Amino acid sequence: MKDGALDRLRGKLLGEVVGPRDAGYDSARRVYNAMIDKRPAVIARCLGTADVVTAVRFAREEGLLIAVRGGGHSVAGHAMCDDGLVIDLSLMRGVHVDPERRTARVQGGALLGDVDRETQLHGLAIPTGQMSETGIAGLTLNGGVGMMLHKYGLTCDNLLSADVVTVDGELLTASADSHEELFWALRGGGGNFGVVTSFEFRAHPVGPMMLAGFLAHPVERAEEVLTFLRDFSASSPAYLSADALFIHAPEADFVPEEFQGMPMVALFVRYFGPMADAWRTVQPLRDFGSPLYDSLGPMPLVAVQSMLDTFTPAGNLHYWTSEFLPGFGAEQIAAVAAIGSDLPSSLTTINVHPFDTAATDVPADATAFAHREDSWLIHVICQWQDPAESDRCRAWVKKASSQLKAFGHGNTYLNTTSEDDETDRVRAFWDEPRLARLARVKAAYDPDNVLRFNHNIAPAPRRAAP
Ligand SMILES: Cc1cc2nc3c(=O)[nH]c(=O)nc-3n(C[C@H](O)[C@H](O)[C@H](O)COP(=O)(O)OP(=O)(O)OC[C@H]3O[C@@H](n4cnc5c(N)ncnc54)[C@H](O)[C@@H]3O)c2cc1C
């Protein structure tokens with residue numbers, strides 16, 4: 001950077017400018033995954049869209065690459081970079097709900113818990129993920145999978161428009177009638193195309209009360225539990241979400257003391273339909289096997305959406321992968337059960353998620369998100385605390401990944417992977433026509449690949465002049 005550059009930026013930004021010599025530098029560059037240790041040249045903690053425009057223009061003048069931090073939850077560490085400029089949106093967490101139109105405008109640094117709290121004031125909810133501290137931005141841009149998937153689709157399926165600051169520092173709105181190709185790309189193409197300062201979502205009448213909890217089974221019965229889940233999910237109502245979680249039960253008040261720390265496979269059940277039908281709808285799940293414990297009960301949506309927070313606090317070391325499995329027959333079930341029964345640390349979890357957006361009728365090519373047709377999404381969420389365990393844990397994930405890949409097409413859910421074979425995964429997730437279309441959008445909005453700290457899409461080559 002040129003001499004005095006940081007001071008010049010300080011003079012223009014309403015928010016805070018943090019450089020390597022500033023006291024707050026180490027906390028500002030810290031992200032969720034403690035494996036990530038990047039040292040940006042400058043972090044611009046923006047307070048509004050005008051700050052984002054200023055920071056982007058500054059980066060371009062100084063020839064800096066740009067990373068964008070939404071919630072900072074990317075396990076691959078894409079919110080930070082070495083030597084470049086980080087646009088940090090963590091001070092931009094506003095959520096404004098329009099109850100008449102059933103829409104919500106959400107700033108680019110908001111967390112899922114912010115969104116739930118504000119929308120629930122009006123008895124509304126946006127389909128998002130399942131932990132309150134994940135950022136809405138990264139989650140939406142690469143899809144967004146949570147309990148409302150079967151009923152209301154991915155988070156990106158509910159996006160109505162996005163305010164975007166381009167790498168040239170221009171502000172535009174992408175929607176179905178404006179910058180349509182960009183709007184298509186933002187729904188599944190990740191943070192490749194610009195800085196989203198706010199999202200406008202469609203919201204749905206859900207909550208405030210739901211029925212939710214865990215039905216915990218001994219891990220030795222994993223194959224039976226997964227087989228039951230597969231058969232049950234084939235015809236379960238869209239208001240009911242049931243995943244299987246391989247976990248060591250946490251020391252939480254919803255887990256009886258005698259089971260805390262025990263490895264188990266738990267059905268994580270969430271019913272968000274009419275409460276009068278709630279207990280009847282979940283009864284078949286409760287009737288299966290003889291659960292070690294059954295914690296199902298009525299609770300507010302905001303509490304349900306933070307129930308898993310205890311499993312994954314910020315600051316641990318993480319290495320994740322995930323795989324879409326086109327089928328879930330006996331062989332796949334045996335493989336997943338074996339992986340789930342051999343977790344390398346007591347903090348590691350496997351999340352087995354029936355993946356189906358059919359009820360939403362979103363056509364396959366309507367958004368950049370690929371593989372709606374796949375039916376089971378397996379998340380391998382490896383976390384530990386002692387750096388001496390890092391090699392062993394990463395090796396375990398790589399082995400699990402290759403076992404799962406044998407059944408699928410190598411299609412990972414990009415939001416939940418920190419694998420190093422990034423290029424292969426990007427190519428496997430987006431089919432050729434989609435990737436070519438994304439590359440054209442990238443070339444139109446970021447031809448120099450200034451935004452490359454993401455699941456990166458290389459810009460399509462410029463055509464030679466005739
Ligand atoms: C504990 C935990 C739980 C999770 N649960 C779920 C879940 O239930 N469902 C699910 O689908 N996923 C889940 N995820 C994955 C999550 O969706 C991704 O990690 C996602 O990237 C998080 O978004 P973020 O804004 O917090 O991330 P960040 O690390 O801030 O950013 C991720 C990527 O998005 C880009 N980006 C961020 N903000 C913007 C913006 N405003 N404009 C443009 N680009 C931007 C970044 O540059 C980066 O490339 C979970 C992750 C964690 C760690």
Side-chain angles (χ1 to χ4, degrees), residues 30-34 36 38 46 49 52 56 65-81 84 86-90 92-93 106-114 127-149 154-156 162-167 174 185-186 188-199 241 243 245 268 270 305-316 318 320 322 347 349 351 353 355 369 377 379 381 383 412-418 422 445-446 450-457:
R30 195 173 300 136
V31 287
Y32 171 80
N33 182 359
I36 308 304
K38 300 272 170 67
C46 298
T49 301
V52 175
V56 167
L65 295 175
I66 298 173
V68 187
R69 180 198 173 111
H73 254 202
S74 150
V75 282
H78 288 150
M80 282 290 138
C81 62
V86 174
I87 296 198
D88 178 342
L89 301 175
S90 55
M92 291 171 57
R93 290 172 53 177
V106 179
Q107 280 189 302
L111 307 184
L112 306 190
D114 304 331
T128 61
Q130 49 191 23
M131 280 175 208
S132 71
E133 289 169 5
T134 302
I136 190 82
L139 176 121
T140 303
L141 296 169
N142 270 120
V145 177
M147 67 173 177
M148 293 180 223
L149 179 79
L154 296 154
T155 311
C156 70
D163 285 348
V164 180
V165 176
T166 68
V167 294
L186 290 174
N192 275 283
F193 311 99
V195 185
V196 181
T197 52
S198 82
F199 299 85
S241 170
D243 297 349
L245 287 181
F268 182 30
R270 288 151 297 172
Q305 286 286 83
S306 54
M307 268 173 90
L308 294 189
D309 290 0
T310 23
F311 291 92
T312 49
N316 287 339
H318 290 259
W320 294 14
S322 64
L347 295 167
T349 61
N351 188 340
H353 194 82
F355 190 88
F369 189 89
L377 177 55
H379 299 287
I381 297 175
Q383 60 172 326
T412 194
Y413 174 43
L414 291 170
N415 258 339
T416 50
T417 187
S418 48
E422 170 87 345
Y445 290 93
D446 182 17
V450 172
L451 293 165
R452 64 182 66 168
F453 306 104
N454 40 49
H455 300 290
N456 197 234
I457 295 161

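Remember, it's 1-based here, ligands and their atoms both numbered in the order they're listed. Keep in mind that this is a model prediction, so the values were computed, not measured.
By the 4.0 Å N-to-carboxylate-O rule, Arg452 lies too far from Asp446 to be salt-bridged with it.
Qualifying ring-ring contact (aromatic ring centres under 6.0 Å, His included) partners for His73, counting only residues two or more places apart in sequence or in other chains: Tyr32. Listed by chain and residue number, Ser322, His379 satisfy the side chain to side chain donor-acceptor pair (under 3.5 Å) test with Thr416 (two or more places apart in sequence, or in another chain). With sequence neighbours excluded, no residue forms a ring-ring contact (aromatic ring centres under 6.0 Å, His included) with Phe453.
Sorted by chain and number, the heavy-atom contacts of ligand 1 below 4.0 Å come from Tyr32, Val68, Arg69, Gly70, Gly71, Gly72, His73, Ser74, His78, Ala79, Leu89, Gly108, Gly129, Gln130, Met131, Thr134, Gly135, Ala137, Gly138, Leu139, Leu141, Gly144, Val145, Gly191, Gly194, Val195, Val196, Thr312, Trp320, Tyr413, Asn415, Thr416, Phe453, Asn454.
Using a 3.5 Å distance cut-off with no hydrogens or angles, the side chains of His78 and Asn454 do not pair a donor with an acceptor.
Of the possible polar contacts, one joining the Gln305 side chain to the Gly129 backbone as a donor-acceptor pair under 3.5 Å is found.
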